[in-house]
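Taking it in order: structure first as structure tokens, then the write-up.
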Amino acid sequence: MERKAERNESSPPTVVTVGSVRFGRDPFPVIAGPSSVEDPDQVRAAARAVAEGGGAVLRGGTVTGSTYGFAGLGMAGLDMLAAAAKEVGLPVVTQVAAPGDVEWVSDRVDMLEVGAGNMQDFELLRAVGSSGKPVLLRRGPSATIDEWLWAAEYVLAGGNDKVVLVERGIRTFGDHGVTLDIGAIPMVKERSHLPVLVDPSGPAAGTSRVPPLALAAQGVGADGLIVEVHAHPDQARSGGPSQLDASGFRALMDVLGVGRMRREVDMVDRDIVRLLAERRRLAMAIGRVKAARGIPVYAPSREAELLEIIRTEAEHHGLDPDHTVALFESILEESRAAQRRARQE
């Protein structure tokens with residue numbers, strides 16, 4: 001039987017889109033936020049830190065699985081998280097712990113997370129698979145790579161191909177619970193077409209070790225990162241020692257080369273490509289009208305008029321007019337070539 005999570009000759013790398021973020025294509029997007037949502041002010045402060053630092057998606061825990069400690073705020077916490085994400089303009093993800101919770105969590109988030117402890121909860125995997133929402137699937141602490149990919153099969157079998165794998169540490173002989181299996185990243189990338197993220201916060205067992213593990217993840221080809229961020233980690237009700245504060249998160253993003261300013265530039269570049277595609281669509285429509293009326297493709301007077309407008313606009317915005325006109329001459333040349341090809345076809 002063919003396994004959907006396995007790479008084969010006909011399976012290109014999967015790209016999972018969450019809001020405007022594309023896991024598997026964008027340059028190292030980072031999901032960040034508090035280990036747990038504690039109150040509206042706390043999650044808003046964390047959301048601002050994530051957005052200002054260049055984070056791509058806001059994450060916060062609403063259920064912790066703790067027996068005696070802070071258990072999370074559930075639906076109330078999820079509403080706080082969703083409101084904070086909306087304020088800063090980021091998509092949002094949180095963990096879903098039971099099949100019966102999938103529907104109401106899905107209504108409030110852009111992406112669902114299956115925690116490491118639930119990786120082999122097959123009913124939950126089926127439920128998130130049928131939700132249609134993008135899914136973060138964390139590797140269980142004792143799971144082999146094969147078992148991890150088999151868990152992904154349950155989601156994919158439900159018709160949901162929007163799966164992102166997360167390496168977050170496995171049980172070894174370390175003294176602090178789990179050790180990040182950094183070598184698993186290239187192995188999974190060879191075997192599967194699904195995007196793979198790394199969460200170094202838990203295995204780091206302290207903020208000083210988060211940056212080197214994050215850099216290691218970037219170095220071995222991970223598709224992105226998940227890190228925990230809290231405005232006041234020393235006051236956190238869960239996960240405190242491993243959570244970065246706002247300045248620590250900004251420093252990490254600078255080291256990774258994915259700070260806020262670079263992310264904004266990437267978004268502008270993406271908008272430019274979209275506008276070029278829209279311009280081409282309109283030009284082809286005009287080309288069809290020209291062809292129907294027997295009008296030549298090349299209209300020198302019209303192009304000269306347009307280039308003069310472009311020169312004036314460039315000067316107005318402080319751009320080099322000669323360079324800008326040269327760019328548009330290239331765009332016009334490509335448009336003419338496309339119209340001619342369409343006529344020949």
Side-chain angles (χ1 to χ4, degrees), residues 12-31 50-58 85-91 110 134 162 193 195 218 221 223-225 250 253-345:
T14 291
V15 176
V16 178
T17 302
V18 182
S20 63
V21 185
R22 298 173 299 180
F23 294 100
R25 179 170 296 171
D26 290 349
F28 215 68
V30 176
I31 299 173
V50 171
E52 291 170 3
V57 179
L58 178 66
K86 186 176 181 180
E87 283 184 17
V88 298
L90 291 179
D110 301 286
K162 300 186 285 285
H193 53 86
Q218 192 177 51
D223 294 296
L225 203 68
R250 287 195 301 271
M253 296 296 275
D254 288 342
V255 167
L256 293 172
V258 289
R260 179 177 61 84
M261 297 303 293
R262 176 178 167 182
R263 175 166 167 74
E264 290 179 359
V265 169
D266 289 344
M267 295 301 293
V268 171
D269 289 343
R270 197 179 301 173
D271 286 339
I272 291 172
V273 173
R274 279 196 286 262
L275 289 171
L276 286 173
E278 177 64 12
R279 189 193 188 284
R280 179 191 173 94
R281 185 187 68 79
L282 293 171
M284 295 304 290
I286 292 171
R288 287 191 290 273
V289 173
K290 287 180 178 179
R293 297 179 180 178
I295 300 173
V297 168
Y298 182 40
S301 60
R302 163 59 185 155
E303 290 197 7
E305 178 185 353
L306 172 61
L307 291 174
E308 188 58 36
I309 292 171
I310 295 301
R311 179 176 293 277
T312 302
E313 281 294 304
E315 291 172 347
H316 177 71
H317 291 286
L319 298 174
D320 182 333
D322 291 337
H323 179 63
T324 306
V325 167
L327 286 174
F328 270 82
E329 286 176 337
S330 177
I331 292 170
L332 291 171
E333 182 181 352
E334 192 278 336
S335 180
R336 289 195 301 270
Q339 289 183 24
R340 291 192 181 102
R341 286 194 299 271
R343 289 195 181 197
Q344 291 172 357
E345 293 170 359

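Index from 1, following the sequence.
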For this session: Might you work through the side-chain contact (heavy atoms from CB on, under 4.5 Å) test for L306 and I310, ending with a clear yes or no?
Result: CA-CA 6 Å; L306 172 61; I310 295 301; 4.2 Å; yes
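- Atom NE2 of H316 has 12 or fewer neighbouring heavy atoms from other residues, nucleotides or ligands inside a 6.0 Å radius.
- Taking CD of E315 as the start and CG of D322 as the end, the distance is 9.0 Å to the nearest 0.5 Å.
- Of all heavy-atom pairs spanning R22 and R270, the tightest one is NH2-NE, 3.4 Å.
- Atoms CD and CG, from E334 and L276 in turn, are 9.0 Å apart once rounded to the nearest 0.5 Å.
- Nearest heavy atoms, V21 versus P91: CG2-CG, 4.5 Å.
- The nearest pair of heavy atoms linking G53 to R250 is CA-CG, 4.1 Å.
- Residues M284 and A342 share a closest heavy-atom pair of CE-CB, 3.7 Å.
- For K290 (side chain) and I295 (main-chain N/O), no donor-acceptor pair under 3.5 Å exists by modelled atom type.
- Under the 3.5 Å distance criterion, the side-chain polar atoms of S330 are left unmatched by any main-chain donor or acceptor of A326.
- Within a 6.0 Å sphere centred on CD of E87, other residues, nucleotides and ligands contribute more than 12 heavy atoms.
- Atoms CD and CD1, from E313 and I309 in turn, are 8.5 Å apart once rounded to the nearest 0.5 Å.
- Within the 4.5 Å cutoff, no side-chain heavy atoms of F328 are placed close to those of E333.
- One finds the CZ atom of R288 at 13.5 Å from the CZ atom of R293 (value rounded to the nearest 0.5 Å).
- Between M253 and G54, the closest heavy-atom pair is CE-O, 3.3 Å.
- Counting only distance, with no hydrogens or angles, the side chain of S335 and the backbone of I331 share no donor-acceptor pair below 3.5 Å.
- The CD atom of Q339 sits 10.5 Å away from atom CZ of R341, with the distance rounded to the nearest 0.5 Å.
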Exercise. When you look at V57 and L90, which way does the side-chain contact (heavy atoms from CB on, under 4.5 Å) test go after all the steps?
Worked result: CA-CA 6 Å; V57 179; L90 291 179; over 6 Å; no
For this session: Check the pair R311, T324 against side-chain contact (heavy atoms from CB on, under 4.5 Å), reporting the backbone distance first and the verdict last.
Result: CA-CA 7 Å; R311 179 176 293 277; T324 306; over 6 Å; no
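- Using a 4.0 Å cut-off between charged side-chain N and carboxylate O, R281 and E278 make a salt bridge.
- Nearest heavy atoms, P195 versus V16: CG-CG2, 4.1 Å.
- A side-chain donor-acceptor contact under 3.5 Å links Q218 to the backbone of L256.
- In this structure a side-chain-to-backbone donor-acceptor pair under 3.5 Å is missing from D26 to P29.
- Between D223 and R25, none of the side-chain N atoms (NZ, or NE/NH1/NH2) sits under 4.0 Å from a carboxylate O, so this pair counts as no salt bridge.
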For this session: Check the pair L332 / L307 against side-chain contact (heavy atoms from CB on, under 4.5 Å), numbers first and verdict last.
Result: CA-CA 10 Å; L332 291 171; L307 291 174; 3.9 Å; yes
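- To the nearest 0.5 Å, the span separating CZ on F23 from OG1 on T14 amounts to 14.0 Å.
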